[in-house]
Amino acid sequence: SVRPVIVASPAYLARHGVPATAADLKHHHLITTTGPRAASQWRLPGTRNALAPRLTVTTVEAAVSAAQAGIGLASLLSYQVADALKAGQLIELLPGALPGTLP
């Protein structure tokens, strides 16, 4: 199974700080993708309002690259960022903030 995760680069976090709660995401630059699972806004448990992304890209690869480049936080599936997490290029934030797993 895979799970949704929120990730950011160490450089982005050094510049903008690490969000402690889902509500803190309103102070951060968000990246989203177009496609079947995409949303024009982020909606997370614990946040009152939907959050508008700063950047929308058309592929998962572009979202991963943008996050690695320090543009913002990306919400992707764990397998899509597994290599970047293992290499230390991205850091998972707010584990469990995005509920659910997928087979």
Side-chain angles (χ1 to χ4, degrees):
S1 65
V2 298
R3 60 190 174 79
V5 295
I6 300 171
V7 295
S9 72
Y12 175 88
L13 297 172
R15 284 191 315 274
H16 299 280
V18 178
T21 68
D24 292 341
L25 296 178
K26 67 183 175 188
H27 304 293
H28 288 272
H29 304 214
L30 308 178
I31 301 165
T32 192
T33 60
T34 59
R37 291 194 66 245
S40 60
Q41 298 178 322
W42 282 31
R43 292 190 183 276
L44 298 172
T47 58
R48 296 187 71 146
N49 300 312
L51 303 171
R54 177 180 183 144
L55 175 67
T56 301
V57 296
T58 58
T59 67
V60 168
E61 293 81 8
V64 172
S65 293
Q68 288 171 319
I71 293 172
L73 283 61
S75 173
L76 298 162
L77 295 175
S78 55
Y79 79 90
Q80 295 168 325
V81 294
D83 291 340
L85 288 169
K86 188 174 181 178
Q89 298 165 335
L90 294 174
I91 296 171
E92 183 178 352
L93 306 169
L94 304 172
L98 299 174
T101 59
L102 302 168

Original post:
Among all residues two or more places apart in sequence or in another chain, which pass the side-chain contact (heavy atoms from CB on, under 4.5 Å) test with T101?
Top reply: S1, R3
**OP:** Return the set of residues passing side-chain contact (heavy atoms from CB on, under 4.5 Å) with A82 (not counting sequence neighbours), or none when no residue passes.
**Re:** none
**OP:** Please report the closest heavy-atom contact between V7 and V81, naming both atoms and the distance.
**Re:** CG1-CG2, 4.0 Å
Original post:
Going by heavy atoms in the side chains, are V57 and L55 under 4.5 Å from each other?
Top reply: yes
Original post:
Of the non-hydrogen atoms in A8 and Y12, which two are nearest, and what is the gap between them?
Top reply: CB-CD2, 4.1 Å
Original post:
Given side chains that start at C-beta, do those of I6 and P19 come closer than 4.5 Å, heavy atoms only?
Top reply: no
**OP:** Any chance you could measure L73, atom CG, to I31, atom CD1, to the nearest 0.5 Å?
**Re:** 7.5 Å
Subject >> Partners passing side-chain contact (heavy atoms from CB on, under 4.5 Å) against V60 (at least two apart in sequence or in another chain) >> reply: V64, L76, Q80
Original post:
Which pairs count as salt bridge (Lys or Arg N to Asp or Glu O under 4.0 Å) when at least one residue sits in residues 73-86, sequence neighbours excluded?
Top reply: none
Original post:
Under a 4.5 Å cut-off applied to non-hydrogen side-chain atoms, are L25 and L94 in contact?
Top reply: yes
Original post:
If you look only at pairs with a residue in residues 60-70, which of them pass as a salt bridge (Lys or Arg N to Asp or Glu O under 4.0 Å), with sequence neighbours excluded?
Top reply: none
Original post:
In chain order, what residues pass the side-chain contact (heavy atoms from CB on, under 4.5 Å) check against S65, with sequence neighbours excluded?
Top reply: Q68
**OP:** State, to 0.1 Å, how close S9 and A67 come at their nearest heavy-atom pair, and which atoms those are.
**Re:** CB-O, 3.2 Å
**OP:** Indicate the atoms forming the closest heavy-atom contact of E92 with V5, along with that distance.
**Re:** OE2-CG1, 3.5 Å
Subject >> Shortest non-hydrogen contact between G88 and P10, atoms and distance >> reply: O-CG, 3.5 Å
Subject >> A74 to A63 - nearest heavy-atom pair and separation >> reply: CB-O, 4.3 Å
